[in-house]
Structure formats: structure tokens, C-alpha cells
Amino acid sequence: MADLVIRDADVVDGTGAPAYRADVVVDAGRIVSIVREAAAAGCQRPGATRELDAEGLALSPGFIDMHAHSDLALLRDPDHSAKAAQGVTLEVIGQDGLSYAPVDDRTLAEVRRAITGWNGHGDDIDVDWRSVGEYLDRLDRGIAVNAAYLVPQGTVRALAVGGEDREATPKELDRMRQLVAEGLEQGAVGMSSGLTYTPGMYAKDAELTELCRVVARYGGYYCPHHRSYGAGALRAYAEMVALTREAGCPLHLAHATMNFGVNKGRAPELLSLLDDALAAGADISLDTYPYTPGCTTLVALLPSWANEGGPEETLRRLTDDGTAERIRHDLEVVGADGCHGVPVEWDTIEISGVTEPALQAYVGRTVEDSAALRGEAPWVTARRLLVEDRLGPTILQHVGHEENVRAIMRHRVHTGGSDGILQGAKPHPRAYGTFPHYLGRYVRELGVLSLEECVARLTGRPAARLRLPDRGVVREGYRADLVLFDPATVAAGATFDQPRTLPTGIPYVLIDGRFVIEDGRRTDVLAGRAVRRAPM
């Protein structure tokens, strides 16, 4: 007898097709039978060891978070309800060009420092890996949800070139090609970049094109956080389209937004650029989160020259008055490349987390507000935070536009990604709320997307980008990574004031046919594993 039958579910299958009523039978981690309208037709209904009445619930594939920062959280927090409770059954990590494999001892220490704001210090994790394959093997010991990995181009550059702003030598470029190839051979699904983060941002287009040729050869895709989401946003998008087309590599645009005042109402220009490229044969997809503020680290706003050479060099520059004044001028007057070419507006920069307990009073306040309370200029406050917290602060950037968010999520190549940073006392609510927020706010309340179309953007479409042969659709023979939710009540609990509140209306989540959420509560099941690149 089968393990489980889910009775009378409204199946939203992940293809975008209309929902239908069915009994869905699960056995040994896979969907073995789908019997449509069994009760109404008077058919013999399938049996199983366990029956689950799904009357009033939608059954969909598990949600795929195309842009996650859970690289260490998956190892640190076996519960991981931040994602499991949302119905996420697969996260794509290794994002924005910076992560923890491949590394050596030197680069591991540098990466830990550089992305403390994303993942914590990491000194609580026994890093017993160095290669991509070894990291994926570590995940295979058991994690809350499945994870796919992108080779981080910035980390690769740190290994082969170092932290300097210069072109790679032919020998160094060969080493980078080798590292990317090894990562893909060991199971990575593609390559990411963070082209406003050092040292990845020091790569010229020709270097990125050569690495993308390697990615294409292995059937992966390129996922860039490109060079500007502000003053040069359209030019930056066009740059990524052009270089991936030259390399013959599929392109997935990370957190595809049009932010800052210079881009208000300009999403149609981006979508026209993408439509022209798609019509010409380009292979493009994108992800977004359904919120207007962004989230990153405070140090990321600095001009790239201030971050050259790694974290210790950055701190040295910040403690030198003359150099710090140059940094301020670039930030406030010129518009630093780290701030997307737009002069910083300190009233839009909210501190969301710090690592030093003595600095907690800054959390939840904008830099401008904190500076006013102290009777000092905003740059003085920002500099103090960077130095005293040793580059640790995370921030929310309130620079987005709702009309752009809605326009981009309607595009036919759109998928969902949380870009969720789980660190900090007051993280962005997207980390805990992205997927139910799509279903509750943008489907039920606003009607921006139909239920079937939204589910396809969170399941089947990302699975196709990841080239997963048996996930992302409710179909016989596919893995039983499934979510049961109530379309009438599903909603994000997370808010900007209470960002770690879990969602409502998602009572059941299964991975490989095992309940990770049951009756709305997290079980102790660790059904997640590394999901490796499918062979060509």
C-alpha cells in the first residue's frame, strides 16, 4: 500500500494550467498516481497507509527560492522555518558571487569577513570542506530544505587573482576557468556574480564572457547581480544580455529591479530590452521579491576602490581621516559605484542588523535619524558603525517603486526569489514572507497574477531554469516536494516591524514525501539534500 493519499485537493500543478480536483498518491518519495475527480465520478478511490483530507486546500509543487542566502543557515539551523514554513522546498544558494566554496584557507577567512552581514561570522560552523563537491556533500548529511549551488565568481577570482583591481593574467584566467568547470562537474547548477561587490566587480566583460563559455559548456546558467540597479541600470542589464549571448550561455537576472529615483516608472524600458533579446533568440529568465526596499550590507555602498584588497584594507582606509573624506565625497556627491552611481540618501538607509551588541540601538533607525540623535553628520555615524562593527552592519535600502515591482513580476520569464538575509535583529521581511506574500497580496488581494500563473512562477518555471527533470510540477513519477495551502487565507506574517513572524495558511509541506510542516508546525524531519546539476 502507498504511503499517503491526499484527497480532494485543488491541484495547481505548476504549469500554469487551470486547477483541477484530484486525489494524489505518494509513495517512496514520489507521486505515483493522480486520480482526477475521483469522488464525483464514483470511481474506486486510491488507498494508502495515511489519508490527508485536503478539502479547501490548494496542492502545488514546493516553491523554489531562486535567490537565497542560506549558505550557512542550512547548516546552523536545522529547523530553518524561515523557509520551510513558507512552502520552500528548494533554495538556490551561492548567490551574488560570494560564498564558501571553492576556497582555500586564505580566501575562506576573507569571504567570512566580507559577507558576515549575510551569514554571520561563520565561526560557529565547522568548515570541513574546500571544494564545491565537498560543500554539497556536507549538505547531503541532512538539511531542512533542498539546496542547489551556484559557483561564486567573486570567490573564484579571489582564489585565482586576489583582491586587487586589475585584469587577470592569461594564467589566472585559465585557473578561473578550471575552478568554474570543477564546480560544475561537482554539481553546481551555474555561476553567480556580484558586480557591485569586490573582488568580482573587478572582472571586465571579456573575463566574464570566458567564464560564461565554461558555464554554457556544462549546461548551467549565469546569474549576475549586475553592475548597477540605479543610475546605470539599463546599461548594466544590456551588458549582461550581450555578454551571455556572445558566450552562448543562458542568463538569469538576479533580483531584477529598477530602483532609486532615477528609475521610477522605468520598468517598461527594461522589459522592452528583454523582449527584444528574447525575440532574437536569447535564453533569459529573472527573479524578483515582492517588496520595494532592498537589503545588503552597509560596506557594500562604499566605492569599489575603498574595498580593494579585502576587509582589513577597507577598515584601514576608514580609520584614516583623509581617505575617509574621499569615501564620503564619492558617496554623497559623486555617487559611488557601490551605491549604483546614485549619491547616497541617508534617510533611505535603515540599519537592520549589527554584530556588536553595544550597537543594537542603531537597529531599526535610518542613518540620518541616528545621526540626528547624536548631533552629528550622517557620514560620521555610518563611518562609526562600519569601524566599530568591523564592516558587519546590514541595511535596508528604501529605494524601490511599487509600479516597477508589479510590472516586472508580470513578465513571462519571471520567477520568485526572496534574496532573504536571515542575519540581524531586524532583517528584511522577504526572508520569512516572500512566497506567501506573492500568494496573499499579489494574487488574492491585488489580482496582479492569477493563482495558477503565480504558482508556475514559483515552481515549474524555476525548475525548468535549473534543468530539474523531476521537480517543479505535480505529475506522476515526479518527486513529492509538495505544498498544501489555503488560497483564502495564505499570507505573510512577516512585516518590517515584526520580520521573523511565520506565515499563515500553509498547513502542510512535504519534501520527498516526508512532512517537514504538518498541521502548521515544523517537524524534526531533515529531508533536504543537495540538488546537483543534471548531466547534459
Side-chain angles (χ1 to χ4, degrees), residues 67 96 194-196 224-241 253-278 284-298 300-301 303 330-352 366-369 378 382 395-419 421 428-430 433-434 437-438 441-442 445-449 457 492 495-496:
H67 193 102
D96 294 335
L195 299 179
T196 64
H225 164 129
H226 51 269
R227 297 192 195 276
S228 176
Y229 291 83
L234 288 174
R235 183 171 62 253
Y237 281 113
E239 175 191 15
M240 295 299 102
V241 171
L253 295 165
H255 38 59
T257 58
M258 293 286 287
N259 287 340
F260 302 91
V262 295
N263 289 318
K264 184 175 175 60
R266 297 187 69 189
E269 296 176 58
L270 166 62
L271 301 181
S272 177
L273 184 159
L274 298 182
D275 284 338
D276 288 347
L278 289 162
I284 302 173
S285 56
L286 59 85
D287 66 69
T288 72
Y289 47 84
Y291 300 88
T292 54
C295 179
T296 186
T297 56
L298 184 59
L301 303 185
D330 276 9
L331 273 172
E332 296 185 344
V333 180
V334 177
D337 47 5
C339 199
H340 306 277
V342 178
V344 68
E345 297 174 332
W346 294 113
D347 62 336
T348 68
I349 308 300
E350 178 185 351
I351 303 300
S352 60
T366 66
V367 172
E368 184 169 279
D369 286 345
I395 61 169
L396 303 185
Q397 278 186 284
H398 296 272
V399 293
H401 307 285
E402 179 67 18
E403 67 270 33
N404 287 348
V405 170
R406 296 189 194 187
I408 294 169
M409 76 168 63
R410 290 189 183 103
H411 196 271
R412 66 187 185 278
V413 300
H414 169 264
T415 68
S418 71
D419 197 11
I421 294 174
H428 196 304
R430 68 193 186 192
T434 286
H437 198 51
Y438 266 119
R441 177 68 173 159
Y442 288 92
E445 295 178 8
L446 298 177
V448 174
L449 298 170
R457 292 159 188 264
T495 65
F496 286 98

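Bear in mind the structure is a predicted one, so any value in this text is a computation, not a measurement. Starting from 1, each residue takes its place in the sequence as its number.
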Could you please spell out the steps behind the side-chain contact (heavy atoms from CB on, under 4.5 Å) verdict for Lys264 and Glu403?
CA-CA 8 Å; Lys264 184 175 175 60; Glu403 67 270 33; 3.3 Å; yes
Let me see the working for Ile349 and Thr366 under side-chain contact (heavy atoms from CB on, under 4.5 Å), right down to the final yes or no.
CA-CA 5 Å; Ile349 308 300; Thr366 66; 5.9 Å; no
I'd like to know if the side chain of [X] and the backbone of [Y] have a donor-acceptor N/O pair within less than 3.5 Å.
| X | Y | answer |
| --- | --- | --- |
| His428 | Arg430 | yes |
| Asn259 | Gly230 | no |
| Asp419 | Tyr289 | no |
| His401 | Phe260 | yes |
| Asp330 | Pro303 | no |

Sequence-distant partners of [X], ring-ring contact (aromatic ring centres under 6.0 Å, His included), two or more places apart:
| X | result |
| --- | --- |
| His411 | none |
| His255 | His67, His225, Tyr229 |
| His437 | Tyr291, Tyr442 |

Minimum-distance pair of heavy atoms, taken over all atoms of [X] and [Y]:
| X | Y | result |
| --- | --- | --- |
| Ser228 | Gly232 | OG-N, 3.1 Å |
| Leu298 | Ile395 | CB-CG2, 3.9 Å |
| Ala407 | Ala267 | CB-CB, 3.9 Å |

What pairs with [X] under salt bridge (Lys or Arg N to Asp or Glu O under 4.0 Å), at least two apart in sequence or on another chain?
| X | value |
| --- | --- |
| Glu332 | Arg328 |
| Arg227 | Asp205, Glu239 |
| Arg266 | Glu269 |

side-chain contact (heavy atoms from CB on, under 4.5 Å) between Val405 and Thr257: does it pass, once the steps are laid out?
CA-CA 7 Å; Val405 170; Thr257 58; 5.9 Å; no
Distance (rounded to the nearest 0.5 Å) between [X] [atom1] and [Y] [atom2]:
| X | Y | atom1 | atom2 | result |
| --- | --- | --- | --- | --- |
| Leu271 | Met258 | CG | CE | 9.0 Å |
| Asn404 | Thr292 | CG | OG1 | 10.5 Å |
| Ser418 | Asp287 | OG | CG | 9.0 Å |
| Leu286 | Leu270 | CG | CG | 7.5 Å |
| Leu253 | Thr288 | CG | OG1 | 11.5 Å |
| Asp275 | Arg412 | CG | CZ | 4.5 Å |

Partner of Pro290 under side chain to side chain contact (heavy atoms under 4.5 Å, CB included), picked from Arg406, Arg441, Met409, is Met409
Would you please say whether a donor-acceptor pair under 3.5 Å links the side chains of Thr196 and His340?
no
